[in-house]
Protein chains: 2
Amino acid sequence: MCGVSTQTVSRVINGRPDVSPETRRSVEAVIAATGFQPSAVARSLVHRRSQTLGVVLAGLRYFGVAQTLNGITDEAQASDYGVLLKEIDTDDTVNIVPVIEFLIAHRVEGIIFAVPQIGTNIATVRAQLPTTSPPIVFLKSEASSTFSTIAIDNAGGARQATAHLLTSGRRRIGHLAGPPRWKEADDRQDGWRAALDDAGVEPGPVAQGNWSSASGSAALDRLLELDPELDGLFVANDQMALGLLHAAHERGIGIPSDIAIVGFDGLDEGAHFTPSLTTVVQPLRELGELGVREVIARASEEQGKAMVRSLTLATELVVRESAPQPAVTEPAVTGKRIAATASAETVDIR
Amino acid sequence: MCGVSTQTVSRVINGRPDVSPETRRSVEAVIAATGFQPSAVARSLVHRRSQTLGVVLAGLRYFGVAQTLNGITDEAQASDYGVLLKEIDTDDTVNIVPVIEFLIAHRVEGIIFAVPQIGTNIATVRAQLPTTSPPIVFLKSEASSTFSTIAIDNAGGARQATAHLLTSGRRRIGHLAGPPRWKEADDRQDGWRAALDDAGVEPGPVAQGNWSSASGSAALDRLLELDPELDGLFVANDQMALGLLHAAHERGIGIPSDIAIVGFDGLDEGAHFTPSLTTVVQPLRELGELGVREVIARASEEQGKAMVRSLTLATELVVRESAPQPAVTEPAVTGKRIAATASAETVDIR
DNA sequence: TTGAAAGCGCTAACAT
DNA sequence: ATGTTAGCGCTTTCAA
């Protein structure tokens, strides 16, 4: 209060028209001089709007999560929202409730749940949710009739990867899967199997890794033991594929001459593996962006008609040296991108 | 108000002792039934404490930042703080002011600034800071007499990497540097040069990349053009080293037989490059953790004695195939870790 | 064009 | 052991 009432100051800050230019100037001068910053906290209290989104994350150490977070922060920024971040352990369903409660206590206007689905962890969370909560969007998890979800078409991408191996003439096609109970891992394995079934080709050997390069490295011997004739391999992520490439090189196994390899993720680095990696690219950044848009859309509609949407994003195959384009139709094109079929559905309820 | 006053409810929620067991139970029952969640916003307002830290990040797409964020969220969680996240473009000094103002408006109790120093961007920020602001800790930037900083000993790590190349008998040692104006890139280059100076060895050729694998790939030819006799190379980060490895393989250049390569970062994947990569590991997770501790420490001391600390964290050399341990003293040990000298100083002012 | 009053949801201090 | 009063910093409503 340097001459005028708090009211007038409020009007100046919010750029209301009904302030005399003179008063406005003097108030602005004082604000600049004192370095005064209006309290968003107090504002939130009266508006009952925090302009903040809650984000629950797991496995920032895995490739992709950072990219998704990138998309989230960008889109949130663009929509004038802040991001309140909570990181949890990948499989820690126990501690999820306090995390959600923390976010609700801070009155976030929506929650983006970017935790990979392992077993039934998502169902567990959904079951434990407080009766009253802001809209929640689940990323990378199975569709639900009560919550919006945005998924990536893992099965479709896997199918496309496997089809590519078949097209290039491979017939003993194995799979290096992700860890047990991860839905993403299961979906990719399902897609691999479906593509083989479609083609009437007997499924090759399956081994399981834990997403790490080390586990990929270790898997090669196991797979070759199961089938020494192995000539194609669909690997559930790029990091494991890197390990495999390394192990193959050590054992003098030619990639792709002996075994063609397709990865999954779309690491930029894949282009510089030795040999460069054919892989399925996930639109992870887009996943984050859409998550933010969806949760804001849900938050801004009236309470009555709770709308729910389930989206599935398509992947894209990038062909490189580790599983080149078959020469029959055209010469191998490095980095050629082939979009998988997209699928998107919308479900309204109530 | 379901029988009692708001005051009593407050007491129950905060677990105060002076509530009769009977009242407590009935209040708890109502809370459970209604799914009531106390508003942290209102609490912040009255306490003038938000229990929230602001984090400004850039380049989440680069390796390492995710790891640092990991450390930050973990430590914040452990200290019962929330994290309000803002991501900016790497070199965007213009938009930093609104970001800081946003965080101050939300009354964060401290700010962790995890943006790599490019040119004088840090100085710019410091100059533009509002007169009154919560404590700010700058990560990975040069020391300051007015703000706490936590850095990584890039020069020391680079020195150690280069010394390792010298020890293994290399004499034409080049450097693939990071992009211009990045302090981290400059420090690493300085360390490389210093090690050569110490040994009285003429510096080899220098090329510049942009941290990406692609730029590493492209740099090999340039370096060989500058010096066809090149037999050792210190690369400013692991991703560029990956590209180099790939390019060398394509040209039939033996690593390490023709050229020994040492990277910088400590990507886990480096162990599975072909050949596996000798590299300098940065304690990035620790960087984030220490940042949080430091900013909380600064926030919780009285206004009067503003204390400032500047810390430098040591790196560690991991020896792998791309630049093995010289055979003269002992056989190459894969993954052998050698700690660099640490340096840490504390400065109090006022 | 400006100010006064009331209240957002909570807690500290005091009173009962 | 519980209630009352006041106020955190802002905005909305109404009055001047």
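Only heavy atoms go into these numbers, but all of them, side chains included; no hydrogens, no water, no symmetry mates. By convention in this document, chain letters (A, B, ...) are assigned in the order of the sequence lines, proteins followed by strands, and residues within each chain are numbered from 1.
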Take the protein atom CD of B:Q7 and the nucleotide atom P of C:dG9, then report the distance between them rounded to whole Å. 16 Å
Salt bridge flag under 4.0 Å for residues B:E22 and B:R25: no
Establish, with yes or no, whether the OP1 or OP2 oxygen of C:dT11 is under 4.0 angstrom from a side-chain nitrogen or oxygen of B:S10. yes
Counting side-chain heavy atoms from CB outward, which of C:dT1, D:dT11, C:dC8 is closest to A:T23? C:dT1
Nearest whole angstrom, please: distance from the P of D:dC10 to the CD of A:Q37. 10 Å
Looking for any heavy atom pair under 4.0 Å, which part of the strands does B:R11 touch: base, sugar-phosphate only, or nothing? base
Checking C:dT11, C:dC10, D:dC10 against the side chain of B:P38 (C-beta onward), the nearest is C:dC10
Separation of atom CD1 in A:I13 from atom P in D:dG9, rounded to whole Å: 13 Å
D:dG9 P sits how many Å from A:H47 NE2, rounded? 17 Å
I want to check one thing: is the phosphate of C:dG9, taken as OP1 and OP2, less than 4.0 Å away from some side-chain N or O of A:R48? yes
Can you see if the side chain of A:S39 gets near the phosphate of D:dG9 - specifically, an N or O under 4.0 Å from OP1 or OP2? no
note: B:N14, atom CG; D:dT2, atom P; distance rounded to Å ~ 16 Å
Could you tell me how far apart B:R49 (CZ) and C:dT11 (P) are, to the nearest whole angstrom? 14 Å
Main-chain N/O of A:V65 paired to A:N70 side chain as donor or acceptor, under 3.5 Å: no
Nearest of C:dC10, D:dA1, D:dC8 to any side-chain atom of B:F36? C:dC10
Taking atom P of C:dA13 as reference, at what distance in whole Å does atom CG of B:D18 sit? 13 Å
For C:dG3, does either OP1 or OP2 sit under 4.0 Å from a side-chain N or O belonging to A:T8? yes
Comparing B:L45 and B:R16 on DNA chain C - which has the more 5′ nearest nucleotide: B:L45
Phosphate OP1/OP2 of D:dG9: any A:R43 side-chain N/O under 4.0 Å: no
C:dT2 OP1/OP2 closer than 4.0 Å to side-chain N/O of A:S20: yes
Classify the ring geometry of A:F138 against A:F113: parallel below 30°, tilted from 30° to 60°, perpendicular beyond 60°. tilted
Which sits closer to the 5' end of DNA chain D, B:P17 or B:A42, going by the nucleotide each is nearest to? B:P17
Per B:V46 side chain, nearest of listed nucleotides D:dA1, C:dC10, C:dA13: C:dC10
Integer-rounded Å distance: C:dT2 C1' and A:R24 CZ: 13 Å
Got a donor-acceptor contact below 3.5 angstrom from the B:N14 side chain to the B:S10 backbone? yes
Are the side chains of A:R11 and A:D18 in contact, using a 4.5 Å heavy-atom criterion? yes
Choose from D:dT11, D:dG3, C:dT11 the nucleotide whose nearest atom is closest to any side-chain atom of B:T6. C:dT11
Under a 3.5 Å distance rule, please check whether A:E87 uses its side chain to pair with a backbone N or O of A:A58 as donor and acceptor. no
I'd like to know if A:E22 reaches the base of C:dT1 with its side chain such that a donor and an acceptor end up less than 3.5 angstrom apart. no
Per B:V19 side chain, nearest of listed nucleotides D:dT2, C:dG3, C:dT2: D:dT2
